[in-house]
Amino acid sequence: MRLELEKRAEHSRTMAVLSPLLALVLTLISGAIMFALLGQDPVRALYTFFIEPLTASWSLQELVVKAAPLILIAVGLAVCYLSNTWNIGAEGQFTFGAIAGSLLPIVFPGFESPLTLPLMLLMGIAGGMLWGAIPAFLKIRFGANEILTSLMLVYVAQLFLDWLVRGPWRDPEGFNFPESRLFSDAAILQPLADGRMHVGALFALLAVIAMSVILMKTLKGFEVRVLGQAPRAGQFAGFSRNKMVLFAFLLSGGLAGLAGISEVSGSINQLTPVISPGYGFTAIIVAFLGRLNPIGIFIAGFLLALSYLGGEAAQVSLGLSDKTTRVFQGMLLFYVLACDTLILYRIRLTRAYAPSGKEA
Amino acid sequence: MGGYESIILTVITAATPLLLAAIGELVVERSGVLNLGVEGMMIVGAVLGFAGAQATGSAYIGALCALGAGMGLALLFGFLTLHLVANQVATGLALTLLGLGLAGMIGEAFVGQPGIRLERLHIPGLSTLPFIGPVLFGQDLLVYLSLALVAGVSFVLFRTRAGLIIRAVGDNHGSAHALGVSVIRVRYFAVLFGGACAGLAGGYLSLAYTPQWVEGMTAGRGWIALALVVFSTWRPLRLLAGAYLFGAVGILQFHAQAGGVAIPSQFLTALPYLATIVVLVIISRNRVLTRINTPACLGQPFVPDR
Amino acid sequence: MRKLLSMAAAAVLSFGVVGAEAADKLKVGFIYVGPIGDYGWSYQHNQGRLAIEAALGDKVETVYIENVSEGPDAERAIERLARDGAGLIYSTSFGFMNPTLKVAKKFPNVKFEHATGYKRAANVSTYSARFYEGRYVIGQIAARMSKTGTAGYIGSFPIPEVIRGINAFMLGAQSVDPDFKVKIVWANSWYDPGKEADAAKALLDQGVDVLAQHTDSPAPLQVAEERGAIGFGQASDMIKFAPKGQLTAIVDDWSVYYVNRTKAVLDGTWESTDTWGGLDAEMVLMAPFTNMPEDVANAAKETVEKIRSGKLHPFTGPIYKQNGELAVADGILLDDQAMLGMNWYVKGIDDQLPQ
């Protein structure tokens with residue numbers, strides 16, 4: 001038996017809708033088996049994972065809190081990957097954006113005005129852009145591969161943050177513990193409801209809408225695609241590869257920086273040695289899971305956020321370990337990715353060699 | 001033991017897991033596949049290597065288990081990305097998530113147990129020579145294997161027909177297919193080789209570097225290995241240099257700290273990362289050389305036309 | 001669809017049953033910063049959780065969430081426990097301080113216990129252990145056992161807790177050998193076995209022969225064992241990793257405290273307090289003194305006894321800072337407030353602290 005793929009003439013619209021459902025069904029079945037093997041009631045386990053987080057206002061809000069930074073970062077990364085620019089250092093741009101934006105409430109705590117927040121957000125974006133500009137510059141000027149430089153700069157940004165909160169930026173009233181002072185109210189993104197959901201969620205929504213328009217309707221979107229898929233054709237069309245690298249890094253860095261300062265201002269309210277549970281890396285999965293499409297990313301961001309929240313719910317309600325939930329999460333991702341194949345290809349099982357395969 | 005000699009020994013230990021994981025990934029990427037799941041394959045290698053050694057009492061069998069564990073995960077990756085043409089980047093990252101979870105589950109029974117150390121080889125007469133003895137002739141098997149792999153991969157890639165095919169598949173899978181090469185089969189082979197190497201690298205951690213199992217003990221080394229492949233511009237000898245450079249700077253910053261250098265330790269800890277960037281910038285200036293060595297089809301899915 | 005509905009119904013039903021069962025039990029929640037398999041900090045807190053289960057049996061039910069990052073996720077994880085009906089929640093890492101207080105404000109009827117922090121509220125207690133007492137003891141042992149007169153010390157991060165430990169170690173060592181030296185290396189990680197092993201090797205290569213560590217994995221001890229050097233275990237008794245190399249270990253033991261505080265909630269006597277217990281409260285234990293001559297072991301036991309009975313306080317003046325400035329006057333005990341935020345080294349330490 002052989003498994004063969006046959007390319008469809010065009011994207012299957014039916015499959016675009018069906019494939020996630022198929023993935024879900026497969027995940028539910030495998031999950032049920034896995035949980036049953038672990039001695040759990042499969043129905044209850046799956047309910048805890050996928051439904052329970054959706055049943056209360058607070059956890060719905062938490063879902064938004066968790067999904068927003070992922071979506072914000074992933075939307076920017078999608079532009080990078082569409083244009084064939086390999087920014088995998090969004091975590092560093094997130095961190096540096098958070099640092100830059102926090103400069104105001106930490107170094108000038110007395111500066112409390114309606115301008116405080118907008119300035120912080122702008123500085124956060126600028127910080128992310130600056131950190132993203134380094135790999136772009138090294139790529140354009142020296143040809144240094146951006147996969148390495150952007151990744152290494154993640155560690156540098158994290159260590160820099162570490163030094164700041166343990167050294168010059170630590171809270172003067174904090175007994176020398178590694179935390180900055182708490183931000184004043186003027187520096188905090190306000191909640192949107194009774195829970196932790198804050199204004200940062202709107203940024204993610206805006207970014208999705210804006211990027212959808214840019215990618216679908218503008219020349220810039222066309223340029224991104226052309227340079228990504230057919231670089232030579234793009235150059236003949238007069239598009240500059242170097243400018244695109246810079247554009248992609250500045251855009252994704254800026255959005256990651258915005259996500260960083262939004263998290264710090266809206267969720268944590270201070271700088272601490274750890275400000276991200278790996279958002280910048282998880283966003284890479286979100287970007288591809290969403291097929292590099294802003295709307296897809298929006299959905300994928302919520303799916304991933306749900307799997308994290310469900311994992312925690314399962315730890316508490318079922319006593320499942322954190323490892324089990326991660327294995328389950330990995331399984332879910334595999335199914336979604338595998339089922340996506342159906343959009344572009346027909347799958348068939350054939351016996352032994354199909355003679356037409358080789359000669360074609 | 002003399003000062004310099006033991007520093008070199010420490011550097012070798014620090015560089016070996018990076019080198020093992022990276023040399024495998026180098027072959028994978030040369031064949032046009034980008035597997036970002038190195039960290040996941042490593043950690044599963046580490047836990048099963050440990051488990052295998054505990055169960056049998058032999059660190060060598062442990063190493064084989066580690067190798068098999070890495071290949072197992074790589075097979076899963078291969079099936080998804082080669083057969084089902086799932087996105088390689090996302091699948092690799094998902095593989096890391098899965099690997100970390102799986103390793104934690106398997107490893108729960110081994111927490112707090114000392115492991116079995118992979119023995120250092122003693123070649124009578126040679127390993128007792130001053131200085132060069134322990135450095136050159138007193139290492140464990142995996143250290144020699146990592147070096148042999150560099151030489152072997154370098155030879156195979158650039159001096160043999162098999163290597164030519166691997167590179168051809170990575171550079172232009174369409175043409176390779178037209179010439180009658182089974183692109184999928186070549187890539188499967190490369191992906192499995194990469195998984196075996198990553199598994200061994202994990203095994204090296206739990207059997208030689210620090211013979212124990214704790215969750216998350218790979219601590220991001222899989223990511224460094226990935227970066228080193230890029231650093232090497234996909235050339236094995238440069239990879240060797242990169243892994244040892246990274247290892248050496250990491251060790252030397254500890255010596256600088258112990259010696260009382262008055263620089264915040266965070267900056268010293270950041271040195272290996274900064275050093276790699278600086279060196280990459282310097283060596284990237286020859287753009288032609290970089291371009292011809294970069295696999296042109298890296299990360300692109302392949303489906304034979306019919 | 002009908003099947004889905006019946007599944008949901010079944011799920012709701014089974015929840016109803018669980019809810020009824022759990023009503024008369026006290027639910028105790030734990031938040032861990034690392035995996036319980038770290039054999040260090042989180043592992044020991046989890047041992048404390050198991051001790052509660054063992055001691056209080058069916059009066060309590062315990063739940064935990066592990067690997068909770070000290071960032072935006074912390075508040076959600078703590079709130080989940082509170083919403084899930086936990087009546088008592090232990091948040092076991094310093095970085096959970098402000099998230100714990102935020103959740104505590106929302107749930108005034110739930111009791112919170114936050115480890116190693118300094119902010120309290122009517123329903124938030126803090127607790128920590130005087131590990132520095134153990135470090136004074138191992139400092140004395142190191143000075144008696146070292147042939148080179150120099151110890152190596154692997155630190156995680158330069159925070160007051162770790163600095164206090166280094167100072168106590170040094171004061172202990174100086175009480176035996178006034179010229180004792182210590183070389184300090186920061187791993188900038190709480191746990192990365194490879195890095196800790198590298199740090200240990202670097203220190204041994206620089207001529208130290210005794211290792212102390214304030215990072216969590218047994219890797220440095222393994223290195224000591226392999227190189228024929230000696231060292232001290234951290235958080236857990238690590239003798240299995242270094243049967244010839246471990247002299248003793250400073251063991252975190254949260255079980256006594258956890259059981260007492262949980263009982264207090266059951267009795268209705270729980271009040272917000274700050275607990276900082278050491279050897280006397282059995283929150284800090286010393287593993288058996290091994291691989292040392294009898295007189296050294298006896299001296300160590302004597303010191304433990306003196307500290308326990310309150311006859312000896314590691315931070316008793318005169319204590320001088322690095323630059324020779326008098327930090328604690330003769331005969332004075334350094335107060336807890338000053339110890340909590342300690343960010344200076346005692347005289348005799350060469351390392352420089354980031355300011």
Side-chain angles (χ1 to χ4, degrees), chain A residues 28 41-48 51-53 56 58-59 61-63 65-66 69 158-159 162-163 166-168 170 173-179 182 194-196 263-264 266-270 272-279 308-309 311-313 315-319 321-323 325-326, chain C residues 6-8 10-15 18 27 29 32-33 35-37 61-77 79-81 83-86 94-95 97-99 102 106 116-119 157-161 163 188 337-344 353-355:
Chain A
L28 291 179
D41 174 357
V43 177
R44 186 165 165 228
L46 291 173
Y47 175 88
T48 309
I51 316 281
E52 198 196 294
W58 88 274
S59 54
Q61 292 192 42
E62 291 291 345
L63 194 67
V65 170
K66 182 89 192 178
Q158 286 171 340
L159 285 161
D162 197 89
W163 174 74
R166 289 175 204 282
R170 66 177 175 234
E173 275 115 52
F175 299 98
N176 298 313
F177 278 83
E179 287 188 329
L182 282 166
D194 58 341
R196 288 212 305 143
E263 270 312 281
V264 167
S267 292
I268 318 180
N269 313 141
Q270 68 184 143
T272 55
V274 182
I275 54 169
S276 160
Y279 281 137
Y308 279 107
L309 261 65
E312 282 167 13
Q315 286 187 59
V316 176
S317 321
L318 309 172
S321 82
D322 160 70
K323 299 98 190 170
T325 67
R326 261 189 286 175
Chain C
S6 69
M7 272 159 91
V12 171
L13 223 74
S14 62
F15 273 122
V18 173
K27 199 178 242 186
Y32 304 129
V33 67
I36 54 175
E61 181 196 346
T62 66
V63 289
Y64 67 89
I65 307 182
E66 59 179 325
N67 253 334
V68 177
S69 152
E70 293 178 327
D73 280 353
E75 192 178 334
R76 182 184 68 239
E79 185 162 349
R80 164 152 325 263
L81 289 178
R83 284 187 181 270
D84 211 58
F94 170 71
M97 180 167 72
N98 287 314
K102 281 188 208 163
K106 285 189 230 171
T116 71
Y118 56 85
K119 289 187 189 168
F157 293 100
I159 53 172
E161 158 83 28
I163 290 161
N188 277 313
Q337 197 81 343
M339 273 200 286
L340 185 68
M342 190 175 278
N343 71 333
W344 45 270
L353 274 179
Q355 285 305 318

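Here is the naming used below: chain letters follow the sequence lines, and residue numbers restart at 1 for every chain.
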Undergrad: Which answer fits A:Ile275, side chain, backbone, both or neither, if we ask what part of it has an atom under 4.5 Å from a heavy atom of chain C?
TA: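 Just its backbone gets close to chain C.
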Undergrad: For the candidates A:Leu159, A:Asp162, A:Thr272, which exhibits the highest count of non-hydrogen atom pairs separated by less than 4.5 Å from chain C?
TA: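 Most heavy-atom pairs under 4.5 Å with chain C: A:Asp162.
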Undergrad: Heavy-atom distances under 4.5 Å only: say whether A:Leu309 touches chain C with side chain, backbone, both or neither.
TA: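 Both backbone and side chain.
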Undergrad: Quick check for you: among C:Ser69, C:Pro160, C:Pro72, which has the greatest number of heavy-atom pairs under 4.5 Å with chain A?
TA: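 If we count pairs closer than 4.5 Å to chain A, C:Pro72 comes out on top.
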Undergrad: Need one label for A:Ser276: side chain, backbone, both or neither, based on atoms under 4.5 Å from any heavy atom in chain C.
TA: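 Contact with chain C: backbone only.
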Undergrad: With sequence neighbours excluded, what pairs up with C:Tyr118 under the ring pair (Phe, Tyr, Trp, His ring centres under 6.0 Å) test?
TA: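 Once residues adjacent in sequence are excluded, the partners of C:Tyr118 under the ring pair (Phe, Tyr, Trp, His ring centres under 6.0 Å) criterion are A:Phe175, A:Phe177.
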Undergrad: Looking only at heavy atoms and a cut-off of under 4.5 Å, which of C:Leu81, C:Asn188, C:Thr116, C:Asn98 has the most pairs with chain A?
TA: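 Greatest number of close heavy-atom pairs with chain A: C:Asn98.
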Undergrad: Test your reading of the model: is there a side-chain donor-acceptor pair from A:Asn176 to the backbone of C:Gly341, 3.5 Å cut-off?
TA: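 Yes; at least one donor-acceptor contact below 3.5 Å.
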Undergrad: Less than 4.5 Å apart, any side-chain heavy atom of A:Val65 and any of C:Arg76?
TA: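 No - every pair of side-chain heavy atoms lies 4.5 Å or more apart.
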Undergrad: Counting only non-hydrogen atoms closer than 4.5 Å, does A:Ala313 touch chain C with its backbone (N, CA, C, O), its side chain (CB onward), both, or neither?
TA: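 When you check distances to chain C, atoms from both the backbone and side chain of A:Ala313 fall under 4.5 Å.
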Undergrad: Under 4.5 Å heavy-atom distance to chain C, tell me which part of A:Glu179 shows up: side chain, backbone, both or neither.
TA: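 Contact with chain C is through the side chain of A:Glu179 alone.
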Undergrad: Looking only at atom types and distance, does a side-chain atom of A:Gln315 sit under 3.5 Å from a main-chain N or O of C:Glu66, one as donor and one as acceptor?
TA: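 It does hold such a pair.
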Undergrad: Ignoring hydrogens, what is the shortest heavy-atom contact between C:Val63 and A:Val316? Give both atom names and the distance.
TA: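 Nearest pair, atom of C:Val63 first, then A:Val316: CG1-O, 3.4 Å.
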Undergrad: Relative to chain C, which of A:Ala56, A:Gly311, A:Gly174 shows the most heavy atom pairs under 4.5 Å?
TA: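 The candidate making the most pairs under 4.5 Å is A:Gly174.
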Undergrad: Looking at residues at least two apart in the chain, or sitting in another chain, which of them share a side chain to side chain contact (heavy atoms under 4.5 Å, CB included) with C:Lys102?
TA: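 Scan of C:Lys102 (side chain to side chain contact (heavy atoms under 4.5 Å, CB included), adjacent residues dropped) gives A:Asn269, C:Glu75.
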Undergrad: Between C:Thr62, C:Ile36, C:Asp73, C:Val68, which has the largest tally of heavy atom pairs under 4.5 Å with chain A?
TA: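 When all of C:Thr62, C:Ile36, C:Asp73, C:Val68 are compared, C:Asp73 has the most.
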Undergrad: State, yes or no, whether a side-chain contact exists between A:Arg166 and C:Pro158 at a heavy-atom distance under 4.5 Å.
TA: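 A:Arg166 reaches C:Pro158 side chain to side chain.
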